[in-house]
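Report on the structure given below.
The structure displayed is predicted, hence computed values, not measured ones.
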Amino acid sequence: MASVMEDPTLERHFKGHKDVVSCADFSPNNKQLATGSCDKNLMIWNLTPKARAFRFVGHTDIITGVHFSPSGSFVASSSRDQTVRLWTPSIKGESTVFKAHTASVRSVQFSSDGQRLVTASDDKSVKVWGVERKKFLYSLNRHTNWVRCARFSPDGRLVASCGDDRTVRLWDTSSRQCINIFTDYGGSATFVDFNSSGTCIASSGADNTLKIWDIRSRKDAGVNCFSFHPSGNYLISGSSDSTMKILDLLEGRLIYTLHGHKGPVLAVVFSRDGGLFASGGADSQVLMWKTNFDSLNYRDLLSRHSKRVTPDPLPHLMDIYPRSPHRHNAQNGTVEINPIVADTQSGDPQVVEVGRVLFSTAVRS
């Protein structure tokens, strides 16, 4: 007998950033959430109730990307200040500064073994870095305009990148050659990522399209979105219409539209185990959600189709609005939201500002 699954629910609500939230990532053990912002600060939210939140100070311009290492021992951040920082996500706030790009750095990601970083930049290059020795390794230089995003494949043998030259490029990290180019955009290609098996890449475009490319057949496989669920069965996208949309890839269905942000949603990410996902946006909010849709009973879901509030036609199924006010203990009465950092399931966490630089490594390629 199939278990009855629940709809996604808003789990936590964090306020601490003072400007647009631009990026987010969960730690591998799901005990921390890292977010970056146009306020130039990196926040580490400890997900244990009543735990302190850390604000990491050091970047001198907008933070564009953030990613935990596979071990959870480090957090990497990229910025428009042309640098990448490698942080220790603790109260010590130690960081190493990587310098080799000559323009804004748009994204950063660890390889699955934690030994390398890949970055994308407005200097039209993709760069790969060694983590252990904290040094620049090599550049990939075939893009002809700003590079918006770069990602390693799960096995680390490939890199996918995309940018304002309207292309998605696939690179072999051994030969350091571009081995395939996907071109089907009317505007910039803004984001790219691999699915969990490394057989497909999802890419999004400024022309409002979201696609999946099957890199085995090298053909366009449809329209989809930003972040893959670890199972490979779902995708979640963030949109400028303030919503997130969840698609079931096995059924080819749009199953949920999630509401909660009051402006464009600019960052969405699943936790490593897929049980949670987080979103950030232009309203400076970070929302953390319980997934709840790992195994859906479509007969039951379709029976509730009449409850939709969206005017969108089929196959859209369900709009989810967070409960208001957000969940908290009834005896607390009104929840006062501290403008510095607060959540609504625990007391206001103490905020510690950290940002000591251990050393800086500057390399010109």
Side-chain angles (χ1 to χ4, degrees), residues 14 16-29 31-47 51-111 113-123 127-137 150 152 267 269 280 286 340-341 349-365:
F14 302 103
H17 284 298
K18 301 174 183 177
D19 207 333
V20 172
V21 178
S22 55
C23 49
D25 192 41
F26 282 96
S27 65
N29 62 10
K31 292 184 178 180
Q32 293 180 313
L33 174 66
T35 55
S37 170
C38 292
D39 64 12
K40 308 175 187 178
N41 296 326
L42 171 73
M43 296 290 298
I44 301 290
W45 310 92
N46 292 297
L47 304 185
R52 291 176 295 182
F54 300 141
R55 179 181 290 115
F56 291 82
V57 180
H59 280 296
T60 59
D61 208 332
I62 292 169
I63 295 178
T64 57
V66 63
H67 195 240
F68 272 97
S69 66
S71 67
S73 301
F74 299 104
V75 175
S77 58
S78 58
S79 172
R80 286 189 184 177
D81 65 10
Q82 303 183 14
T83 71
V84 174
R85 282 184 179 248
L86 194 63
W87 306 86
T88 302
S90 68
I91 194 171
K92 293 182 180 180
E94 298 169 343
S95 68
T96 298
V97 182
F98 293 81
K99 296 180 181 179
H101 285 293
T102 58
S104 298
V105 187
R106 294 280 185 169
S107 74
V108 63
Q109 187 203 35
F110 283 93
S111 59
D113 61 7
Q115 297 301 305
R116 293 169 295 164
L117 287 170
V118 64
T119 56
S121 171
D122 287 0
D123 63 11
K127 295 188 186 297
V128 177
W129 313 74
V131 173
E132 185 176 358
R133 295 186 179 181
K134 299 179 173 62
K135 70 175 186 177
F136 166 77
L137 297 179
F152 280 112
V269 64
V286 178
I340 300 176
V341 170
Q350 179 184 353
V351 181
V352 180
E353 291 204 359
V354 291
R356 183 163 65 93
V357 177
L358 289 180
F359 62 89
S360 175
T361 174
V363 179
R364 293 298 177 190
S365 56

> Rounded to the nearest 0.5 Å, how far does CD of Gln109 lie from CZ of Phe152?
Replying inline: 7.0 Å
> Considering all heavy atoms of both residues, which atom of Pro28 and which atom of Ser71 are nearest to each other, and what is their separation?
Replying inline: CG-C, 4.3 Å
>> For a side chain to side chain contact (heavy atoms under 4.5 Å, CB included) check, start with the C-alpha distance between Arg52 and Ile91, then their side-chain angles and the critical distance, and finish with the verdict.
In response: CA-CA 10 Å; Arg52 291 176 295 182; Ile91 194 171; 3.6 Å; yes
>> Working note: Asn41 + Val57, criterion side chain to side chain contact (heavy atoms under 4.5 Å, CB included); need CA distance, chi angles, decisive distance, verdict.
In response: CA-CA 6 Å; Asn41 296 326; Val57 180; 3.9 Å; yes
>> Run the side chain to side chain contact (heavy atoms under 4.5 Å, CB included) test on Phe110 and Leu86 for me, step by step, so that the C-alpha distance in whole Å, both residues' side-chain angles and the decisive distance to 0.1 Å come before the verdict.
In response: CA-CA 11 Å; Phe110 283 93; Leu86 194 63; 3.4 Å; yes
>> Just so I know, are the side chains of Gln32 and Phe68 near enough to count as touching, which here means a heavy-atom distance under 4.5 Å?
In response: yes
> What's the verdict on side chain to side chain contact (heavy atoms under 4.5 Å, CB included) for Phe98 and Val131, showing C-alpha distance, side-chain angles and the deciding distance?
Replying inline: CA-CA 10 Å; Phe98 293 81; Val131 173; over 6 Å; no
> Looking at Asp19, Ile63, Ile62, which one forms a side-chain contact (heavy atoms from CB on, under 4.5 Å) with Asp39?
Replying inline: Asp19
> For Asp25 and Leu33, which heavy atoms make the closest approach, and how far apart are they?
Replying inline: O-CD1, 3.4 Å
> Are the side chain of Asp81 and the backbone of His59 linked by a donor-acceptor contact shorter than 3.5 Å?
Replying inline: no
>> Can a donor-acceptor pair be found, under 3.5 Å and without considering hydrogens, that links the side chain of Ser111 to the backbone of Arg116?
In response: yes
> If we ignore angles and hydrogens, is there a donor and acceptor under 3.5 Å between the side chains of Ser78 and Thr64?
Replying inline: yes
> Okay, side chain of Arg85, backbone of Ser79: is any donor-acceptor separation there less than 3.5 Å?
Replying inline: no
> Looking only at heavy atoms, which two atoms of Lys31 and Asn29 are closest? And how far apart?
Replying inline: N-OD1, 3.0 Å
> Counting only N and O atoms by type, is there a donor-acceptor contact under 3.5 Å from the side chain of Ser104 to the main-chain atoms of Gln82?
Replying inline: no
